Amino acid sequence: MAIRQIREIGDEILTKQCKSVPKMTLRTKILIGDMLETMYEYNGVGLAAPQVGVLKRIVVIDVGEGPIVLINPEIIETSGEQTGEEGCLSVPGKWGIVTRPQYVKARALNQEMVPVEVEGEGLLARALCHEIDHLSGELYVDKAEDGLHDVSYHEEDEDMDGDEGEETEE
Ligand code: NI
């Protein structure tokens, strides 16, 4: 596995639609391993393939409960609402306030290309929305309700995974 370079806002690859993954290949397996390693290296709670320059519908998420790999994910159910802080590894040093569903259920394929459903509340629901948005070329910055803020001097919001006082970015 290897750490890949994270594409940052302004890179047009982050604005493009990703393509479905029709079958698992060695190349895709390596990509997924690299995405996980890259997410952990940068203390992210999620990472989408376009963030490492690959226009495939793949996301990885870990909100502190172990890695989740989702291929061709789709949100199939949402409920409720949460308003809180969000960041993105592709928008370093910034955060913003975004309203998302409190509960999200997604359908996807796992690494064995077997259909799975993942459901989550709170941070996991937020991460699912954020990462799946990346696959349509959408960044949270366009949903941020009060513009972007610098991360340096704010207190961690408890709904983000800040157990070590570090920023969580997706
Ligand atoms: Ni992101």
Side-chain angles (χ1 to χ4, degrees), residues 2-21 28 31-75 78 81-102 104 106 108 118 120-152 154 156-157 159-164 166-170:
I3 293 162
R4 300 212 184 184
Q5 186 194 342
I6 294 182
R7 303 300 185 95
E8 296 186 358
I9 187 168
D11 188 325
E12 68 172 22
I13 203 157
L14 294 172
T15 68
K16 293 185 184 295
Q17 290 285 336
C18 293
K19 293 200 172 77
S20 288
V21 177
T28 301
L31 169 67
I32 291 168
D34 288 355
M35 286 173 63
L36 285 165
E37 189 170 355
T38 303
M39 174 180 73
Y40 290 125
E41 173 69 18
Y42 294 104
N43 300 307
V45 301
L47 192 70
Q51 292 184 273
V52 293
V54 179
L55 289 172
K56 289 182 177 168
R57 294 187 58 82
I58 301 172
V59 307
V60 297
I61 292 172
D62 190 339
V63 295
E65 298 165 359
I68 299 171
V69 175
L70 299 175
I71 297 166
N72 303 338
E74 286 177 87
I75 291 174
T78 65
E81 201 175 87
Q82 56 174 323
T83 298
E85 293 177 25
E86 211 161 294
C88 180
L89 292 174
S90 293
V91 191
K94 301 287 183 185
W95 61 276
I97 299 291
V98 182
T99 298
R100 301 283 193 182
Q102 172 61 22
V104 170
V118 175
E121 297 185 44
L123 181 59
L124 179 54
R126 180 176 294 282
L128 285 164
C129 293
H130 178 112
E131 301 312 332
I132 293 172
D133 275 358
H134 272 297
L135 305 181
S136 309
E138 293 173 34
L139 296 178
Y140 85 91
V141 300
D142 296 317
K143 297 183 163 85
E145 289 158 30
D146 185 28
L148 295 187
H149 307 272
D150 293 331
V151 292
S152 317
H154 84 287
E156 198 64 36
D157 192 289
D159 76 348
M160 298 298 274
D161 180 19
D163 51 359
E164 290 169 9
E166 293 178 62
E167 288 306 314
T168 56
E169 299 180 290
E170 293 157 27

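Nothing fancy with the numbering, it's 1 onward along the sequence. Quick caveat: nothing in here was measured; it's all calculated off a predicted structure. Order of listing sets the numbers, starting from 1, for every ligand and every atom in it.
- Listed by chain and number, the protein atoms of type N/O/S under 2.8 Å from the Ni ion (ligand 1) are C88 SG, H130 NE2, H134 NE2, E170 O; waters are omitted.
- The minimum heavy-atom distance between M35 and A48, with the atom names listed, is CE-C, 3.6 Å.
- For K143, the salt bridge (Lys or Arg N to Asp or Glu O under 4.0 Å) partners at least two apart in sequence or on another chain are D133, E138.
- Note that CG of D142 and CD1 of I9 are 7.0 Å apart. Values are rounded to the nearest 0.5 Å.
- Atom CD1 in I58 sits 4.5 Å away from atom CG in L31 (nearest 0.5 Å).
- Counting only heavy atoms from C-beta outward, the side chains of Y42 and L47 never approach each other to under 4.5 Å.
- Taking NE2 of H130 as the reference point, atom CG of L123 lies at 11.0 Å (rounded to 0.5 Å).
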